[in-house]
Each structure stands twice: as structure tokens, then as C-alpha cells.
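Presented below is the structure to which this report refers.
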Amino acid sequence: MKQIENKKILITGGAGFIGSHVVRLFVNKYPNDQIFNLDSLTYAGNLENLKDVENAKNYTFLKADINDADEINQLFAIHKFDKVIHLAAESHVDRSIADPLAFVRTNVIGTVNLLNAAKDCWKDDFTDKLFYHVSTDEVYGTLGETGLFTETTSYDPNSPYSASKASSDHFVRAYGETYKLPYMISNCSNNYGPNQFPEKLIPLFIHNIVQEKSLPVYGDGKYTRDWLYVLDHAVAIDLAFHKGKVGETYNIGGFNEWQNIDLIKLLCELMDKKLGRETGSSAKLITYIKDRPGHDKRYAIDATKINKELGWKPSVTFEEGLSKTVDWYLENEVWLNNVTSGKYQEYYNKQYN
Ligand code: NAD
Ligand code: DAU
């Protein structure tokens, strides 16, 4: 008889935006696996994101900080995780410009702490073990008008955030070469969808439109990003994690490039309709402000490899995904109000005033 899988999977950063979608997918799809969500609950971590699975038999939450090596080693010794999906990170470019060291600590040192803990715990036998590292397309730097990032594009990070993620990718690869730690890396483009903290473009602008506050567009607004619905990213991670090749990198993207200003105008039209406001009223809130320093001009992912090798492609069009996202924020006013009180106001005033 076929043995039922009973793996202990550690997901870090599972209380955050993408992590919560990955945790939910794994808890529901793999009832015979034990899913551990390790998160220190920074401003971006929110257990409200996982209310629907918090009592599931195969789910455990571990409040811990990846910067605390002793604590992480102890957790590996107690639970003997078989596999890791590492998402915990400081993730906002603007915050990295204000406080780079926080990004070095969590994204670089925190990742190395996890790698050490996995290596020491698994040292006798790497069979069926995996360290899956979730990274970003920003490690590749910026594109001009043409071209796409492939898995072999050279690393050329421009912000403290992307430099810290690039460094963490290098450490993961180095542990693979030096200690033979089985790893996989995926580099994804801009995600959007439910539960994203309203410091990132789409949820920030939804929140401001609801409140009829100005929409702060950096520079001339002619910066391009490649947008992917968050559930499609979670599905891609699941697929690569279970079917991908150890030691490989997979680029994940939406085949969906938008200049910021065009996306913002589309969002304004959609919000006018959903809120029953006069056409054009949200667009009047658009305000061009000082540019982000080191602002990358264009990101665009070539996701051919994961498409050809693993059969993955986005399932949601941008129009559908954006409409679902707006609906989620309008239906979850309490969630939005909770995360935008207190410290958020301090951050907002410092960043935008
Ligand atoms: P997020 O900021 O929403 O969530 C990060 C989570 O990590 C939070 O729950 C936070 O509490 C936790 N965390 C932070 N520091 C920690 C620490 N020291 N110890 C333990 N937990 C800690 O981030 P996100 O947007 O969901 O991104 C998740 C991952 O995906 C990150 O590694 C990010 O670099 C990567 N990524 C994000 C995007 C995107 O568009 N958001 C795209 C590609 C890759
Ligand atoms: O590409 C993947 C990356 O996408 C992830 O690795 C990061 O974690 C994630 O934050 C995101 O980075 P960006 O910097 O591209 O996302 P952000 O939402 O901050 O900005 C998107 C674009 O919108 C960017 O060109 C800057 C612009 N922007 C952003 C904000 C917050 C504005 O014009 N005004 C704003 O207020």
C-alpha cells in the first residue's frame, strides 16, 4: 500500500500577505502533512488573515523571530521539520530606504539562521528534505523599454530591500553548493490581492480612495510592474515545491505589465463604479509627488520555464483579480481599519507628508 505522506512543513512569514495564502492552501490541500506557521508578527503579520484555518488539526502557529538563532535551532530540534518554505521578510522598498539595517537583519541574517538550523537538523540525512526560498524579481535590478527577466539574468539589485533579498538568495545557493543542502528558489513579480498590507500601491490606493484622500504617485507615474494575483503565486509555489527540481530557480510572473499611472486610472474607474460615485471622482485624487530614490523603471518576468516544465500559468485575468481585490477590501472594512490605526498613521505621515 502506498505510504500516506506525513511531512512536517515549516512555513515562515505565514501571517503575512503571501504567506497566509500559502498556509491556507497547504493546510486545506494536504491534510496528512503538519503545517507549522512561524511568524514574529511584525506590523505586517496578522493572525486575522488565518482565522478560517486556525483550528485545523494539521495547523500549528509558532510565534518566533528568525533573527533569534537559539530559538530557531530549538524549534528545529523539537519539531524536526522535514521541509521549509521561507517567506518571512521585511518586504517594503520604501521602509528599506528609511531603515536598511532592519532588512539586513531579517532578510539576510534571519535567512542564514534558518539555513543553519535546517543544515544542523538534517545533517545526517538530506533525503526528502527541502529548503524552498521565496524571492523577488527585484534582485535582477531594472529593465529598459524591452526585455524580460529570465532565471539566468544577472543579479543587479538597486534598493536596500532588493540587495537584502539578493544576498539571501546567494546564501541559499551557497548552502546548496557548500553543504549540499537541498534548495529551490522562486523569484516572483508584484503580487496583489486580499490581505496585502496597505503600504503597497494597490491596497494603499484602495484605502485612500475609500477615504477620499490624495493618491500619491511617485515621479511621473511611468514605472512598469508585472502584476500577479496572490493565489496564483501560492499555486506556483505549491507546484514548484512538490514537482520542481532541487537546486533550480523558477521565475514566476503575471505576463501582465502595467505602467503605474494606467493601473491607477483603471483602479479609480473601478472604485467609482463599486462605490457608486460619479465617474472621474477618484481620478481627481491623483497627486504626483517626489519620486522614490533609486526607483526601478521596469520589471517584467519571463515565466516560460515554470510554464513549460511544470505547466503553471496565471488563472486570473488582471481585471478579474483587481475586481475581486477591491471587493475584498470593501467587505473587510474592520480588517482595514485595524491595520491602519496607530503606528500606520505615524508611518504614513512620515512617508508622505
Ligand atoms: P509581508 O510583509 O506581507 O509579510 C511578511 C511576514 O513576515 C509578516 O507576517 C511578518 O510578521 C513576518 N516577519 C517579518 N520579519 C520576521 C522575523 N524576523 N521573524 C519572523 N517573521 C517575520 O510580505 P509579503 O508581501 O507577503 O512577502 C512575502 C515574501 O515574498 C517575502 O520574502 C518577499 O520578499 C517575497 N515577495 C513578495 C512579493 C510581493 O509582491 N509582495 C513579490 C515577490 C516576492
Ligand atoms: O516586484 C516584486 C516586489 O513588488 C516585491 O518583492 C516587494 O515585496 C513588493 O513590495 C513590490 O515592490 P514594489 O516597490 O514594486 O511595490 P510597491 O507597491 O511599493 O510599488 C509599486 C509601484 O508603485 C512602484 O513603481 C512604486 C509606485 N508607488 C508605490 C507607492 C507605495 C507609488 O507611485 N506611490 C506609492 O505610494
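All values below were derived from every heavy atom in this structure, side-chain atoms included, with hydrogens, water molecules and symmetry-related copies excluded. We count ligands from 1, going down the list as the structure has it; atoms in each ligand are counted the same way.
- Nearest to atom 13 (P) of ligand 2 by heavy atom, out of H92, E90, E138, is E138.
- Between H92 and F197, the gap from one ring centroid to the other reaches at least 6.0 Å.
- In summary, the aromatic rings of F318 and Y229 are positioned with their centroids too far apart to meet the 6.0 Å limit.
- Listed by atom number, the atoms of ligand 2 under 4.0 Å from T136 heavy atoms are 1 (O), 2 (C), 3 (C), 5 (C), 6 (O).
- Residue contact check: K200 has heavy atoms under 4.0 Å from atoms 10 (O), 18 (O) of ligand 2.
- For ligand 1, the protein residues placed under 4.0 Å by at least one non-hydrogen atom are G13, A15, G16, F17, I18, D39, S40, L41, T42, A44, G45, A64, D65, I66, N67, L87, A88, A89, S91, T106, V134, S135, T136, Y161, K165, C188, S189, N190, N191.
- Distances shorter than 4.0 angstrom occur between a heavy atom of H295 and an atom of ligand 2.
- Residue-level proximity to ligand 2 for L201 is carried by backbone and side chain together, each with a heavy atom below 4.0 angstrom.
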Q: Could you give me the CA-CA distance, side-chain angles and deciding distance for E248 and K305, then say whether salt bridge (Lys or Arg N to Asp or Glu O under 4.0 Å) is met?
A: CA-CA 11 Å; E248 293 284 320; K305 178 174 169 182; 2.6 Å; yes
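- Of all heavy-atom pairs spanning A234 and L25, the tightest one is O-CD2, 3.5 Å.
- Listed by number with element, the atoms of ligand 2 under 4.0 Å from a non-hydrogen atom of N260 are 22 (C), 23 (O), 24 (C), 25 (O), 27 (C).
- The distance from ligand 2 to the heavy atoms of V93 drops below 4.0 Å at these ligand atoms: 14 (O).
- Every atom of ligand 2 with a heavy atom of Y161 under 4.0 Å away is listed here by number and element: 5 (C), 6 (O), 7 (C), 8 (O).
- Taking every heavy atom of V217 and a limit of under 4.0 angstrom, the matching atoms of ligand 2 come to 33 (O).
- Side chains of N107 and S164: a donor on one and an acceptor on the other come within 3.5 Å.
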Q) Checking ring-ring contact (aromatic ring centres under 6.0 Å, His included) for the pair Y218/Y288: CA distance, chi angles, key distance, verdict? A) CA-CA 6 Å; Y218 294 155; Y288 290 91; over 10 Å; no
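- Closest of all the heavy-atom pairs between K297 and T142 is N-OG1, 2.8 Å.
- Of the candidates N190, D291, V139, N208, it is N190 that places a heavy atom closest to atom 16 (O) of ligand 2.
- Contacts between S162 and ligand 2 below 4.0 angstrom, taking non-hydrogen atoms only, are absent altogether.
- Within 6.0 Å of the NZ atom in K243, the count of heavy atoms belonging to other residues, nucleotides or ligands does not exceed 12.
- Each of the atoms 36 (O) of ligand 2 lies under 4.0 Å from some heavy atom of L204.
- We find the CD1-CG distance between I109 and L114 to be 12.5 Å, quoted to the nearest 0.5 Å.
- Residue R292 holds the heavy atom nearest to atom 17 (P) of ligand 2 of all those in R225, R292, R95.
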Q: Please report the C-alpha distance between K7 and D128 in whole Å, then the side-chain angles of each, then the deciding distance to 0.1 Å, and finally whether the salt bridge (Lys or Arg N to Asp or Glu O under 4.0 Å) criterion is met.
A: CA-CA 9 Å; K7 297 280 179 227; D128 276 344; 3.8 Å; yes
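- Residue S91 has at least one nitrogen or oxygen atom sitting less than 3.5 Å from a nitrogen or oxygen atom of ligand 2, judged on distance alone.
- For atom 36 (O) of ligand 2, the nearest non-hydrogen atom of the protein is Y352 OH, 2.7 Å.
- Donor-acceptor pairing under 3.5 Å is recorded for the side chains of Y348 and N208.
- For atom 29 (C) of ligand 2, the closest non-hydrogen atom on the protein side is Y218 CE1, 3.6 Å.
- The single protein non-hydrogen atom nearest to atom 34 (N) of ligand 2 is P216 O, 2.8 Å, given as residue, atom name and distance.
- Distances shorter than 4.0 angstrom occur between a heavy atom of E199 and an atom of ligand 2.
- Sorted by first and then second residue, the pairs that involve residues 249-270 and meet salt bridge (charged side-chain N to carboxylate O under 4.0 Å, His left out), not counting sequence neighbours, are E257-R298.
- Checked against a 6.0 Å centroid threshold, the rings of F81 and F76 count as neighbours.
- Annotation: Y223 is in aromatic contact with H295 [ring centroid separation under 6.0 Å].
- Aromatic ring centroids of Y183 and Y175 lie 6.0 Å or more apart.
- Here is the list of ligand 2 atoms found below 4.0 Å of a heavy atom in D137: 1 (O), 2 (C).
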